[in-house]
Amino acid sequence: MNYPYVTEFRQSLVEWFNVEKRDLPWRHTTDPYKIWVSEVMLQQTRVDTVIPYYNRFMESFPTLELLAEAPQEYLLKHWEGLGYYSRARNLQAGVREVLENYGGVVPDNRHEISKLKGVGPYTAGAILSIAYNKPEHAVDGNVMRVLSRVLNIHEDIAVPKTKKIFEAAVEELIDPENTSSFNQGLMELGALICTPTSPKCLLCPVREYCTAFNEGEPEKLPIKSKKVKMKHISYDVLVCQDDKGRILLEQRSAEGLLANLWQFPMLEHGKDSIDTFINEYAMNVQPKQELLTFKHVFSHLTWHINSYFMKCNSAVKGEWLTHEQIELLPMSVPMLKIWQEIKD
DNA sequence: AAGTCGGGGCT
DNA sequence: AGCCCAGACTT
């Protein structure tokens, strides 16, 4: 296929980006490692959310070597609240691969960089185009929305293979002289102008080349089917304090949801018995005191949480930790909420 | 291709 | 109450 006005489209997009782009921390560098970190943090995560995490991360792990050496607990503490915690583990694994297999230099080609843990098609293209100025596609949700409108693509973007259509389109459209600004320009346009609802077409630098704008209904695109069914689980969360003021913590399994994060003991409602729990830990407990009751929504499930505080003694097992020790451990947002309530 | 994996902001 | 966000990995 051959798109008309390709030269004009490139020029309009790149010029707009160079003038209107936001001043973001990772736009002050072309260090492949730093671009890599930013792209991983930005997966399914908004720019405004990422900024403080990125800055803190770069203060603690300014180089690939320092990240490779970091204790996982310390690494996860920097990721606490950002979500999708496997990203952090995969990033560290990827960084270690670079040190072992590539002499500490992030690969500059798609074949090798795609082998790194946590680096998929999008992140590979983003690093290659932004850090190395390679003419590689980097197709994310923004790009699919923008190009579905510009090129009038009605394929269902919820279907995985549809992404190939957009990757092929970018390969033809990308400005070989300005790959970084072109790819970032598409994403910036999606974030600032070509938004999901009520796109600001009158401010768009490429509206004259946009089929959906010219036909009048850009907000109808892209087409996306799918909706996921939500599961619900109820838990009792127990904050147990012994006579020395220490609190009982447990670490979640190394796999699955919130892997390796720490939490107060959780009992699934209707499945785990509180009496069994108390027996197991050989505790004498005073009547429990209600803390918070709230709902926490994940992507595909909802936790309904009842939390309780209880003073205990004679506990013989478990990780009983001081206030200061707990502060150093990575916990999920629902646990942090409960912890904050305890402290108040 | 479908399911898993966080959390927050916007409509 | 959904939808979406600079997605990747597992099955």
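- When heavy atoms are screened at a 4.0 angstrom cut-off, A:V143 is found touching no nucleic acid atom at all.
- Both A:S332 and A:A158 lie near DNA chain B, and the one whose nearest nucleotide falls closer to the 5' end is A:A158.
- A donor-acceptor contact shorter than 3.5 Å links the side chain of A:R145 to the backbone of A:C194.
- When the side-chain nitrogen and oxygen atoms of A:H300 are compared with OP1 and OP2 of B:dC5, one or more of them lie within a distance under 4.0 Å.
- The CG atom of A:L91 sits 12 Å away from the P atom of C:dC9 (whole-angstrom rounding).
- Counting any heavy atom pair closer than 4.0 Å across all strands shown, A:R145 reaches sugar-phosphate atoms only and no base atom.
- Distance CE (A:M230) to P (B:dG7): 13 Å, rounded to an integer number of Å.
- Contact annotation for A:L301: no contact, since no heavy-atom pair falls under 4.0 Å across all strands.
- Nucleic acid contact for A:S38: none, since no nucleic acid atom lies under 4.0 Å from a heavy atom of the residue.
- Residue A:K229 places at least one side-chain N or O under 4.0 Å from the OP1 or OP2 atom of B:dG3.
- Residue-level contact check: A:F298 touches the backbone only, with heavy atoms under 4.0 Å from sugar-phosphate atoms and none from bases.
- Between the NZ atom of A:K117 and the P atom of C:dG7 there is a distance of 21 Å, given to the nearest Å.
- Contact between the side-chain N/O atoms of A:K231 and the OP1/OP2 oxygens of B:dG3 is not found at any separation under 4.0 Å.
- Between C:dC9 and A:R87, no contact under 4.0 Å exists linking OP1 or OP2 to a side-chain N or O.
- Considering only side-chain N and O atoms, A:H296 lies under 4.0 angstrom from the phosphate OP1 or OP2 of B:dG7.
- Cation-pi geometry between A:R87 and A:Y84 is not met: the NZ or CZ atom fails to fall both under 6.0 Å from the ring centre and inside 45° of the normal.
- Here the two rings, on A:W303 and A:H269, have centers that are 6.0 Å apart or farther.
- Look at the P atom in both C:dA8 and B:dG8: the space between them is 22 Å, to the nearest Å.
- Distances shorter than 4.0 Å separate some side-chain N or O of A:Q44 from OP1 or OP2 on C:dG7.
- Checked by distance alone, A:S299 brings a side-chain donor or acceptor within 3.5 Å of a matching partner on the base of B:dG6.
- Remark: the A:R46 side chain and the C:dC4 base include a donor-acceptor N/O pair separated by less than 3.5 Å.
- Among the protein residues, A:R27 comes within range of the nucleic acid bases, having at least one heavy atom under 4.0 Å from a base atom.
- When ring centroids are compared, A:H78 and A:F61 come within the 6.0 Å threshold.
- Taking the six-membered ring wherever Trp is involved, the centroid distance between the rings of A:F294 and A:H296 does not fall below 6.0 Å.
- For the pair A:D48 CG and B:dG6 C1', the computed distance is 17 Å after rounding to whole Å.
- The distance between the ring centers of A:F264 and A:F309 does not fall below 6.0 angstrom.
- For A:Y122 and C:dC4, the OH to C1' distance is 15 Å, given to the nearest whole Å.
- Residue contacts shown for A:W26 include a base, since a base heavy atom lies under 4.0 Å away.
- When the P atom of B:dA1 is taken as reference, atom CG of A:D156 falls 10 Å away, rounded to whole Å.
- To the nearest angstrom, P of C:dC5 lies 13 Å from CG of A:L42.
- Straight-line distance from the CD1 atom of A:I130 to the C1' atom of C:dA6: 8 Å, rounded to whole Å.
- Distances were taken from every side-chain heavy atom of A:L24 (C-beta onward) to each of C:dC5, C:dA6, B:dG7; the shortest belongs to C:dA6.
- Nucleotides B:dA1 and C:dC5 have their C1' atoms positioned 22 Å apart, rounded to a whole Å.
- The phosphate of B:dG7 has OP1 or OP2 within less than 4.0 Å of a side-chain N or O from A:Y85.
- For A:T45 against C:dG7, no side-chain N or O and base N or O form a donor-acceptor pair under 3.5 Å.
- When atom types are taken as modelled, the side chain of A:S129 and the backbone of A:S180 share no donor-acceptor pair closer than 3.5 angstrom.
- Within 4.0 Å of A:G81, counting heavy atoms only, lie sugar-phosphate atoms of the nucleic acid but no base atom.
- On the P atoms, C:dA6 is 23 Å away from B:dC5, given to the nearest whole Å.
- Here C:dA6 is the nucleotide among B:dC5, C:dA6, B:dG7 with the atom lying nearest to any side-chain atom of A:M187.
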